[in-house]
Amino acid sequence: MEKLNLKILALKIFLILAAIPILYLDILIFPSLLELAVYSEYPLIGHVVILIISVYFLTMPYFLSLYKAFGLLIMIEKNEFF
């Protein structure tokens with residue numbers, strides 16, 4: 001039973017580590033790219049803005065799936081998954 005808890009802990013850590021790069025991109029990188037795109041003389045500004053906004057909307061299902069997977073791991077720990 002202890003081996004199963006260690007595997008579940010490793011999976012929880014992996015889920016947290018999977019969320020960190022996307023949060024980094026959403027909070028630090030994409031706003032600076034958006035600001036750079038808005039204030040530059042780039043001819044395809046609309047495409048860059050649409051791309052960045054679509055990436056923000058695509059991260060919502062990503063984090064929802066990570067949240068549901070974390071909840072499933074908690075249910076497996078408590079033997080409540082059936």
Side-chain angles (χ1 to χ4, degrees):
M1 191 67 174
E2 183 65 35
K3 193 166 195 155
L4 180 67
N5 287 338
L6 187 61
K7 289 180 182 180
I8 291 174
L9 179 65
L11 287 172
K12 285 181 181 179
I13 291 171
F14 174 75
L15 287 176
I16 291 170
L17 290 177
I20 290 173
I22 305 301
L23 276 174
Y24 177 74
L25 285 173
D26 284 346
I27 294 173
L28 296 176
I29 301 298
F30 287 140
S32 63
L33 282 177
L34 188 62
E35 182 181 358
L36 181 68
V38 168
Y39 292 120
S40 71
E41 296 293 324
Y42 191 65
L44 299 174
I45 183 71
H47 297 294
V48 173
V49 171
I50 290 172
L51 179 70
I52 291 174
I53 290 173
S54 64
V55 167
Y56 275 118
F57 281 118
L58 287 174
T59 57
M60 290 178 200
Y62 178 75
F63 283 114
L64 180 65
S65 65
L66 287 179
Y67 175 75
K68 292 292 185 177
F70 202 79
L72 182 63
L73 287 175
I74 290 172
M75 289 173 63
I76 290 172
E77 264 185 336
K78 295 178 182 179
N79 290 329
E80 298 176 356
F81 53 93
F82 287 117

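Source: prediction; values computed, not measured.
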For this session: Evaluate the side-chain proximity of Lys12 to Ile74: yes if any heavy-atom separation is below 4.5 Å, no if none is.
Result: yes
For this session: To the nearest 0.5 angstrom, please state how far the CG atom of Leu15 sits from the CG atom of Leu73.
Result: 6.0 Å
Problem set entry | Spatial distance of atom CD1 (Ile16) from atom CG (Leu23) [nearest 0.5 Å] | 11.5 Å
Exercise. Side-chain heavy atoms under 4.5 angstrom apart, residues restricted to Ile, Leu, Val, Met, Phe, Trp, Tyr: same cluster for Tyr24 and Val55?
Worked result: yes
For this session: Indicate yes or no: at least one non-hydrogen side-chain atom of Asp26 is less than 4.5 angstrom from one of Phe63.
Result: yes
Problem set entry | Distance, nearest 0.5 Å, that separates OH of Tyr56 from CG of Leu58 | 12.5 Å
Exercise. Roughly how far, to the nearest 0.5 Å, is OG of Ser65 from CG of Leu72?
Worked result: 12.0 Å
Problem set entry | Single-linkage hydrophobic cluster Ile53~Ile29, side-chain heavy atoms < 4.5 angstrom | yes
Exercise. Is any side-chain heavy atom of Asn5 closer than 4.5 Å to a side-chain heavy atom of Leu9?
Worked result: no
For this session: Check Ala19 against Leu66 and note the closest heavy-atom contact, atom names and distance.
Result: CB-CD1, 3.8 Å
Exercise. Taking a hydrophobic cluster as the set of Ile, Leu, Val, Met, Phe, Trp and Tyr residues connected by side-chain heavy atoms closer than 4.5 Å, whether directly or through intermediates, do Tyr67 and Met60 fall within one such cluster?
Worked result: no
Problem set entry | More than 12 heavy atoms of other groups within 6.0 Å of Tyr62 OH | yes
Problem set entry | Same apolar cluster (I L V M F W Y, side chains within < 4.5 Å links), Ile52/Leu28 | yes
For this session: Report yes or no: do Val49 and Ile27 belong to one cluster of Ile/Leu/Val/Met/Phe/Trp/Tyr joined by side chain heavy-atom distances under 4.5 Å?
Result: yes
